[in-house]
Amino acid sequence: MTIKAPRGTNDILPPASFKWNYIEKHAHEICRRYNYQEIRTPIFEHTELFARGIGEATDIVQKEMYTFTDKSDRSITLRPEGTAPVARAFLEHKLYGKALPKKFFYFGPMFRYERPQAGRYRQFHQFGVEVIGSDAPDVDVEIITLGIDFIEEFGFEDYYVEINSIGCPECRPSYLEELKTYLAGKEELCENCQERLKTNPLRVLDCKSPVCQEIVSEAPVITDYLCPDCQENFSQVKQGLEKLKLDFKEVPTLVRGLDYYTNTVFEVKSDELGAQDAIFSGGRYNGLLEEIGDRDIPATGFALGLERLEILLEEAAREFGDDLQVYITTIGEEAEAESLDILHRLRQAGYSADRDYGGRSVGSQMKDADRKNSRYCLIIGSEELKAGEVNLRDMKSGEEESVPLDGILEQMSKVFEPEP
RNA sequence: GUGGAUGUAGCUCAGUUGGUUAGAGCGCAGGAUUGUGGAUCCUGAGGCCGAGGGUUCGAAACCCUUCAUCCACCCCA
């Protein structure tokens, strides 16, 4: 029995890796434009960071973390998300002493122990941004725009934006009371929601059961209970999005599964993703820094699922690979010996170049060149070699021309001159 | 953690009520063309039929267990 990758993990092989490369390149580019800087935090952290940051009662902490004890009996957890670690790093390095806000982005693997399904894995990758040290609504607008710009970069437009505000510790409790009172007598709620009613009543709002949805549709709406500050904040976020002509839908039942969210929360979804339909989502988390540290610093951010983005790119069916520029075909032993040097010179000059290593027939080598999508084929024949020449074949047109051995690089620079 | 579907060649899949040497297409290797790719034709390599156990004279097929994949629930990116 050969060893296989653990459940819910994936190898990223060529040509899929080209696509990942392309995605990462564009994420960096978008962040450069928005002036977000990369931060890299450890893959594992003290378990306590997530327990306190994400919330002891959340599903992530309750049942989805990869937690283990290291050799010194410390409880360690593979990070299930990126926000808490970034906040931790911010506090640990006392970045609040610098000009605020700090705008970060990160890339990397996250780990959650769940049953895999479409768009959901045990090791998955996120691209995320975090802005720490500002409670300006324009910042919330900015991160949403950044995310949208990013996915549109791929020519993908089949998405929709949902937003809501879940208030602050000042105004949320009064809403929760109203909600509990309303839901209290509803015996028809599903089993899950009966439980949620006790632990986290907000979650009843986004239950998928039709019965619960029916009940919820009549429930009090959180945005009616926001305090004046939260109301003002939310309306400014909406105004900002409108000003940028960014379509969004206000969804009063949108709540998030992580405890640290406050005020604006949002999800950007696609119908092409199956049941796990969020491409990226996030919101404001003004309470997190105080929860894991001792400073009350406002922050906002989002995380984007790269595997999900990749699924959408698959639909778009684009080519991300770089074709080979030159393939060297040799005829005879002398030519093969000569090719070693020519190949090296081409590569040093910056061309992508390759050859066959198996001493195969010319026909086989040409076939190989074709399969590698080589733009040109440099054919080194024993006869021509004596005259100090090689043949350069254009693999698209099939035309071939004779080039002096010491003029190869010059010829290549002509041939690959950027088209006007 | 729960439910459903599926595991046969590198890939996509056939395989009759259980019957002896397990097939196709694509891909791969070689050749037709001993010095020139894409088309065509020929030849070839490649399988512990996911793994383990059971039933049977006989199992890819039936039963049990297990692992994995896909889909959905829970939840989330």
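Please read these numbers as outputs of a predicted model, since none were measured by experiment. Numbered from 1 within each chain, the chains take letters A, B, ... in sequence-line order.
- With both ends at atom C1', the span from B:C26 to B:U69 equals 22 Å, rounded to whole Å.
- Here A:F124 packs flat against the base of B:A77; its ring centre is closer than 5.5 angstrom to the base's six-membered ring, tilted by less than 30 degrees.
- Neither OP1 nor OP2 of B:A77 sits under 4.0 Å from any side-chain N or O of A:R79.
- Considering only side-chain N and O atoms, A:R115 lies nowhere under 4.0 angstrom from the phosphate OP1 or OP2 of B:A72.
- Taking the C1' atom of each, B:A22 and B:U8 are spaced 8 Å apart, rounded to whole Å.
- When the C1' atom is compared between B:C28 and B:G10, the two are found 8 Å apart, to the nearest whole Å.
- Pairing for B:A29 is with B:U43, a Watson-Crick or G-U wobble pair whose two hydrogen-bonding atom distances lie under 3.5 Å.
- Each of A:R256 and A:R393 was matched to the nucleotide of RNA chain B holding its nearest heavy atom; the match closer to the 5' end belongs to A:R393.
- Here the side chain of A:R120 is nearest to one of B:C71, B:G35, B:G1, namely B:G1.
- If you look at A:Y327 and A:Y376, their ring centroids are not closer than 6.0 Å.
- Between the side chains of A:Y36 and A:E130, not a single donor N or O lies within less than 3.5 Å of an accepting N or O.
- The side chain of A:R360 approaches B:G30 more closely than any other nucleotide in the set B:G30, B:C70, B:G38.
- Between the side chains of A:Y34 and A:D149, at least one donor N or O sits under 3.5 Å from an acceptor N or O.
- Geometrically, A:K186 engages A:Y182 in a cation-pi contact, judged by NZ or CZ lying under 6.0 Å from the ring centre and within 45° of the ring axis.
- Only the C1' atoms considered, B:C48 is 12 Å distant from B:G52, to the nearest whole Å.
- Distance check on atom P: B:G25 versus B:U34 gives 28 Å, rounded to whole Å.
- For the OP1/OP2 pair of B:G35 and a distance below 4.0 Å, the side-chain nitrogens and oxygens of A:S382 include no atom meeting the criterion.
- Relative to the six-membered ring of A:Y106, A:R40 misses at least one condition, a distance below 6.0 Å or an angle of at most 45° to the axis.
- Counting atom types as modelled, A:Q365 pairs no side-chain N or O with a base atom of B:U36 as donor and acceptor under 3.5 Å.
- When distances run from any side-chain atom of A:A118 to the nucleotides B:C74, B:A72, B:U36, the shortest one goes to B:A72.
- If you check B:G35, B:A77, B:G1 against the side chain of A:V362, the one that comes closest is B:G35.
- Between the side chain of A:R308 and the base of B:C76, a donor-acceptor pair under 3.5 Å is found.
- With distances taken from any side-chain atom of A:K208 to the nucleotides B:C73, B:C76, B:G31, the minimum falls on B:C73.
- The phosphate of B:A77 (OP1 or OP2) has a side-chain N or O of A:S281 nearer than 4.0 angstrom.
- In this structure, a donor-acceptor pair under 3.5 Å is present between the side chains of A:R256 and A:S281.
- Here A:Q117 does not reach the OP1 or OP2 of B:C71: none of its side-chain N or O atoms lies under 4.0 Å away.
- Between B:A59 and B:U12, the two P atoms lie 28 Å apart (nearest whole Å).
- Position along RNA chain B of the nearest nucleotide to A:M395 versus A:S364 favours A:S364 as the more 5'-ward residue.
- Put simply, the side chain of A:E384 and the base of B:G35 share a donor and an acceptor less than 3.5 Å apart.
- Residue A:R371 places its side chain closer to B:C28 than to any other of B:U36, B:C74, B:C28.
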